[in-house]
K.L.:
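Pasting in a structure now, in structure tokens, and then I'll have a few things to ask.
Note that the structure is a prediction, hence the values are computed from the model and not measured. Values below: every heavy atom of this structure, side chains too, minus hydrogens, waters and symmetry copies. Below, chain A is the first sequence line, B the second, and so on; all start at residue 1.
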Amino acid sequence: MATAMYLEHYLDSIENLPCELQRNFQLMRELDQRTEDKKAEIDILAAEYISTVKTLSPDQRVEHLQKIQSAYSKCKEYSDDKVQLAMQTYEMVDKHIRRLDADLARFEADLKDKMEGSDFESSGGRGLKKGRAQKEKRGSRGRGRRTSEEDTPKKKKHKGGSEFTDTILSVHPSDVLDMPVDPNEPTYCLCHQVSYGEMIGCDNPDCPIEWFHFACVDLTTKPKGKWFCPRCVQERRKKK
Amino acid sequence: MRKPRRKSRQNAEGRRSPSPYSLKCSPTRETLTYAQAQRIVEVDIDGRLHRIGIYDPLKIITEDELTAQDITECNSNKENSEQPQFPGKSKKPSSKGKKKESCSKHGSGTSFHLPQPSFRMVDSGSQPEAPPLPAAYYRYIEKPPEDLDAEVEYDMDEEDLAWLDMVNEKRRVDGHSVVSADTFELLVDRLEKESYLESRSSGAQQSLIDEDAFCCVCLDDECHNSNVILFCDICNLAVHQECYGVPYIPEGQWLCRCCLQSPSRPVDCVLCPNKGGAFKQTSDGHWAHVVCAIWIPEVCFANTVFLEPIEGIDNIPPARWKLTCYICKQKGLGAAIQCHKVNCYTAFHVTCAQRAGLFMKIEPMRETSLNGTIFTVRKTAYCEAHSPPGAATTRRKGDSPGSLSEAGDEEGLKEGCGEEEEKEEVEEEEEDEGQGGVGGPLKGLPKKNKMALKQKIKKEPEEVSRDTPSTVPMVTVPQIPSYRLNKICSGLSFQRKNQFIQRLHNYWLLKRQARNGVPLIRRLHSHLQSQRNAEQREQDEKTSAVKEELKYWQKLRHDLERARLLIELIRKREKLKREQVKIQQAAMELELMPFNVLLRTTLDLLQEKDPAHIFAEPVNLSEVPDYLEFISKPMDFSTMRRKLESHLYRTLEEFEEDFNLIVTNCMKYNAKDTIFHRAAVRLRDLGGAILRHARRQAENIGYDPERGTHLPESPKLEDFYRFSWEDVDNILIPENRAHLSPEVQLKELLEKLDLVSAMRSSGARTRRVRLLRREINALRQKLAQPPPPPQPPSLNKTVSNGELPAEAQGDVTVLEQAPQEEPEDDGDRDDSKLPPPPTLEPTGPAPSLSEQDSPPDPPTLKPINDSKPPSRFLKPRKVEEDELLEKSPLQIGSEPLQRLLSDNGINRVSLMAPDVPAGTPLSGVGRRTSVLFKKAKNGVKLQRSPDRALENGEDHGAVGSPASPASIEDEQHSRKRPRSRSCSESEGERSPRQEEETGVTNGFGKHTESGSDSECSLGLSGGLAFEACSNHMEKNWSACLLKNSISV
């Protein structure tokens, strides 16, 4: 089956993902370990400093503090690395997901073509396809944060189907899509809820929240230009 | 298909007569004479009567087989009622020839000459070796439909051939090539297959075959391979093969007789009034139900295999015609049967009974009687009342139930031969026996007959009208779209192709229609259903497979999503960790060098007050090469920061000192009205507040100057910010603080003002702020009035005068001298800096200084002051303070202080003395315009500094002297005084002074107007005296700080 081909390719491509994830996490862990070591070192240094500070000359003090300082900067470096690594990993997985979505869309399109191409292909196939389309839609709803725009306009195309179609339709989406809500799903926005619907990202790279529901920030459409969340706006104002 | 049967045992003669062949010659029983009858033996075998002459020798037959006779065979023996009856001898020869094989087989019949088998040996014929059997079985593998689809399955029939010939004829006439039969077949085949696909895709267009259809003759839905239920392709009639007499399933469509022979006209059964059902034609061209023919005893079928035509209608006795069906209540319509229950004469039509679900049973019977075992078909039908109890279930709406019960004689045959069993063979053609009469009450009334006739007539038209639509059955021939048609013939090439195709298509359509839309290819027809099922299954499989696949992908997607979420969480965590590290670092910094942090923030704040970055960097010596000539210790913020970072500041005082250096350096080097000077003043004012705040913080927090860290335990938590309105209100009432010195009062008030203004805005706050300000102003004015001890100015002057080169040292001296004054100084500073009132400008420094002097030990003094009885008079206290002041420096015993003291003393004695000696020589300089001054500054360093010192001194002196006398006078006076005095004094000589004066007055005016201390300070721009004073005081203050911190 031609459809299986690129899906197979996809499988091949995703094969390495676990390894890469593991590698990245391993790296992260190492960095974490190093950071912790540094922190311990800092603690020792600090204790030492406090105990001996009376006898130290200013230069010595500076020197000592410098040591602590450098340890801290190392820590920060590691932290930066870790963040970088995490982001990289995220991008990687995200890339895979996007590709999978694209492939699935293609799969769907192929199925549709096939259905339409051969007239005497039963309506069952069509029904299936439709069920799938709907499923796709539902699937993307929960998670398609950034891709929400592409997902939402997807319309249910109801071609007059037989009862068979309808039965598939009614049965199909429910079983696959009622995935339990992941309790660990990251939360966003001022409301601390999981992402849903259309989200907007704060343009402040250091924003602690990053993503906001449109409704929670009183948006209905995507604003033009840069957008900052209420908190970051405050911060910026304060800085000014 | 009759098999010779023998029943040897019963045949006494030992030889049985081959009945079938004796048929012709055998006379009927009636024809026998008595003598003949005496000489023969009648044997009834299998319902057949055999007569054997008593003289005939009986053969011994070693016949072991007596197979069960099946009903049909039995039934099909039409001659069974005939008795082969002839005298024994006559029979023999007739049967001899025919019976040869059987006789020889049985080895009996001595009188027969059996043909000897003759054979010859073929020696030459060596049997050819049989080809070895293949290992595998041959197996017929049905070609998959896909392959079959590719083949041409269609075979032309005569019709097609005729048509093709016709078409070809025409083509030949037109001069075109002939279309071959192969092409024709191919095209038709393709058309068939297209239409097949078409119909398949169009779904359930064709009526699906009812799975639980039942034969409408026997009302059974059982279906064997040899006896399947057939459906008429037009009327969808369902009948068993056997029930309708269809031994072989025909190729192509199958139509019931009715549809076949009278498709457009509905037929009526002559035996019953009901429509529909399985009809057969009667011998006279009418129609009758098969069931009716079966059940009515007089009626039989001419051909028992094909069950047609129906015969014996004429034999039906009139009584039967006259019976009234108790179900349809119609009399004279058709023939009815009666309940088989004895004495029950209820009559009903067969079809009515079927529809009513009466008990009707046909069963094969095997009865053993005296004559032998007879196989019969027993038909039993009961009326509703006599239905056996277990059988009265209605099976289907309007259709009959059937259940077993013991056989009963059919009513109509009751009067048949008494001894013989009723042999109601359906297939029997002749109904000789039952004809005798219809038993039971016959109520055939001609009247009713007429009525029935009328009814019939009446019915005719409506029936016709009703049935017309159904007569032309919907023949659905799937339309083949033109593009498909084109595709079909695309592979062929002959002349006038399109035309031919068009014609062929039409022909094909017609043919299909003629065959009621049944596919011309048998396979497609028969496979339609099964394939549909298979396809469905296949599709289901496919669907589920795709579903599975999708589920898999969905799961994968889900897993990936989860991974993404996880990583997102990790990313967030790492970000938080990074933040944490940063915060930890800050915290560590705070822990290790909190003092530095404080200083740093203070420095930042200070630098913020220098928006033009005048003081940010060291003075560029290449720009101002002479800078170092005037300034011995350059200072700037960056240097401060550097020092700060290298932990060179141990105390806030050191820090403050550097800050002051910045300011003083600037003011020293730049002329008063330059932008730099002004900036310095401004910085000093604003910075003072910041430093004061920092000091307060430092005190509250408590630092270890040795280590730059926090003290092990926090110092007396003198909660500066603790606050209640009562305190403020208390302090607002003058009586409540009457016991305090004005300075203390002022300080308290200022503190409260700080507090209150730190509050969040509210009505109470603004009101109190206003009150406080008023009080503060009042106090200040009060403070300004008493003649301040002249020492401070003189001190200042002397210091500046005498020790000018080492200004820092002077600072130090002041520092050392001043520490006690801290709190008051604080308040004062506040005062001087923020709202430097005009009164203060001339007088301010003096009193402040005096105050500094007077309370020797601020921390200790403060409580003392507080505890001091309120009766203390203000003036005396002043004096005392003076005394104290005199004492305290002494106690401290530092040299400069002593000198200062002495200077004070001198000052006290001769107020203007310092002014004169110092001022006079330099008065010229002092009087210079700013431009001149500037020049001088640039030019001669030495000259400048004295000048400046003089100025300071002079100022103080000037301020001090008028102030002290004025102390006795009222405020107004005092305020006027300095002004007038300064005017008078500075009239010709001191233009700067004058300027300053005006500035002061302005400030004062402002002050009075606005009533706000703080804002005023800003208005005060270039008052030299004031600057000096505040400058001075700052030094004092820093000294205080130092002292304070030490004491703490």
Side-chain angles (χ1 to χ4, degrees), chain A residues 4 7 14 17 21 25 28 32 35 39 42 46 49-50 53-54 58-59 61-62 65 68-69 72 75-76 79-80 82-83 85-87 89-90 93-94 96-97 100-101 103-104 107 111 119-125 127-128 132 135 139 143 162 168 172 175-177 179 182 184-186 208, chain B residues 197-198 200-204 481 535-536 538-540 542-544 546-547 549-551 553-558 560-582 584-585 588-589 591-593 596 643 645-650 704 706-709:
Chain A
L7 290 175
I14 210 166
L17 186 65
L21 286 185
F25 289 148
M28 243 183 253
D32 222 24
T35 312
K39 274 185 189 166
I42 286 168
Y49 176 81
I50 286 179
V53 66
K54 227 167 193 166
D59 281 347
R61 282 188 200 186
V62 170
L65 286 173
I68 295 177
Q69 214 61 253
Y72 265 121
C75 273
K76 270 195 265 186
S79 301
D80 283 343
K82 275 193 290 178
V83 171
L85 210 54
M87 273 157 76
T89 317
Y90 182 91
V93 176
D94 200 52
H96 278 296
I97 286 180
L100 178 56
D101 282 346
D103 278 353
L104 280 179
F107 185 42
L111 270 182
D119 279 353
F120 40 86
E121 199 75 54
S122 86
S123 52
L128 171 87
R132 222 194 64 81
K135 186 173 61 183
R143 47 185 85 106
S162 60
I168 283 210
H172 205 57
D175 53 6
V176 186
L177 288 167
M179 337 194 268
D182 190 345
N184 294 322
E185 195 173 336
Chain B
L197 295 180
E198 194 73 18
R200 206 169 55 165
S201 67
S202 59
E535 209 172 81
Q536 192 85 12
E538 185 190 326
Q539 246 158 23
D540 278 352
K542 216 164 115 192
T543 304
S544 62
V546 177
K547 231 197 248 180
E549 199 180 353
L550 279 171
K551 242 180 191 168
W553 290 110
Q554 206 58 40
K555 243 181 104 185
L556 184 64
R557 174 76 167 75
H558 186 193
L560 276 178
E561 188 61 44
R562 285 175 62 134
R564 186 164 80 169
L565 287 189
L566 194 68
I567 293 164
E568 173 80 352
L569 284 173
I570 288 173
R571 194 177 63 86
K572 286 194 145 200
R573 183 191 69 194
E574 291 308 327
K575 268 180 124 177
L576 280 178
K577 270 185 169 176
R578 187 171 59 178
E579 287 307 306
Q580 192 197 15
V581 167
K582 280 176 188 164
Q584 245 181 12
Q585 188 183 15
M588 184 64 82
E589 212 168 46
E591 189 193 345
L592 295 185
M593 36 180 198
N596 265 22
K643 277 175 82 178
E645 293 307 332
S646 43
H647 295 249
L648 290 175
Y649 292 118
R650 298 221 161 191
D704 184 350
E706 293 273 312
R707 310 206 274 175
T709 58

K.L.:
Nearest 0.5 Å, please: how far is OH in A:Tyr90 from CG in B:Leu566?
P.N.:
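Rounded to the nearest 0.5 Å, the CG-OH separation comes to 12.0 Å.
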K.L.:
Partners of A:Leu21 by side chain to side chain contact (heavy atoms under 4.5 Å, CB included), sequence neighbours excluded?
P.N.:
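For A:Leu21, the residues satisfying side chain to side chain contact (heavy atoms under 4.5 Å, CB included) (neighbours in sequence not counted) are A:Leu17, A:Phe25, A:Thr89, A:Met92, A:Val93, B:Ile567.
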K.L.:
If I compare all heavy atoms of B:Met588 with all of A:Ala46, which pair ends up nearest, and what's the gap?
P.N.:
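For B:Met588 versus A:Ala46, the nearest heavy atoms are SD-CB, 3.4 Å.
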K.L.:
Any non-hydrogen side-chain atom of A:Leu65 less than 4.5 Å from a side-chain atom of B:Glu589?
P.N.:
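Not touching, per the 4.5 Å side-chain cut-off.
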K.L.:
Under 4.5 Å from any heavy atom of chain A, what part of B:Gln584 do you find: side chain, backbone, both or neither?
P.N.:
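Contact with chain A is through both the backbone and side chain of B:Gln584.
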K.L.:
Please report the interatomic distance CZ(B:Arg564) to CD1(A:Ile97), rounded to the nearest 0.5 Å.
P.N.:
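The distance works out to 4.0 Å.
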K.L.:
Do B:Lys577 and A:Val83 touch side chain to side chain, with heavy atoms closer than 4.5 Å?
P.N.:
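The answer is no, as the side chains (C-beta and beyond) never meet within the 4.5 Å cut-off.
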K.L.:
Using the side chain to side chain contact (heavy atoms under 4.5 Å, CB included) rule, take A:Lys82 and B:Ile570 through it: C-alpha gap first, then chi angles, then the decisive distance, then the call.
P.N.:
CA-CA 9 Å; A:Lys82 275 193 290 178; B:Ile570 288 173; over 6 Å; no
K.L.:
Measuring from A:Thr35:OG1 to B:Arg578:CZ, what's the distance to the nearest 0.5 Å?
P.N.:
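Output value for this atom pair is 12.0 Å.
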K.L.:
Which region of A:Asp103, side chain (C-beta onward) or backbone (N, CA, C, O), has a non-hydrogen atom less than 4.5 Å from a non-hydrogen atom of chain B, or is it both or neither?
P.N.:
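When you check distances to chain B, no heavy atom of A:Asp103 falls under 4.5 Å.
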K.L.:
Which distance, rounded to the nearest 0.5 Å, do you find between the CD of B:Gln580 and the NZ of A:Lys76?
P.N.:
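NZ of A:Lys76 is found 13.5 Å from CD of B:Gln580.
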K.L.:
Given that the side chain runs from C-beta out, which part of B:Lys575 has a heavy atom under 4.5 Å from chain A: side chain, backbone, both or neither?
P.N.:
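It is both, since atoms from each part get that close.
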K.L.:
Side chain, backbone, both or neither: which part of A:Ile14 has a non-hydrogen atom closer than 4.5 Å to chain B?
P.N.:
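Just its side chain gets close to chain B.
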K.L.:
Is B:Leu556 in contact with chain A via its backbone, its side chain, both, or neither, using a 4.5 Å heavy-atom distance?
P.N.:
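Both backbone and side chain of B:Leu556 come within 4.5 Å of chain A.
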K.L.:
Look up atom CE in A:Met28 and atom CZ in B:Arg573, then write down how far apart they are to the nearest 0.5 Å.
P.N.:
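It is 7.5 Å, given to the nearest 0.5 Å.
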K.L.:
Before giving the answer on side chain to side chain contact (heavy atoms under 4.5 Å, CB included), spell out for B:Val581 and A:Lys39 the whole-Å C-alpha distance, their side-chain angles and the decisive distance to 0.1 Å.
P.N.:
CA-CA 9 Å; B:Val581 167; A:Lys39 274 185 189 166; 3.9 Å; yes
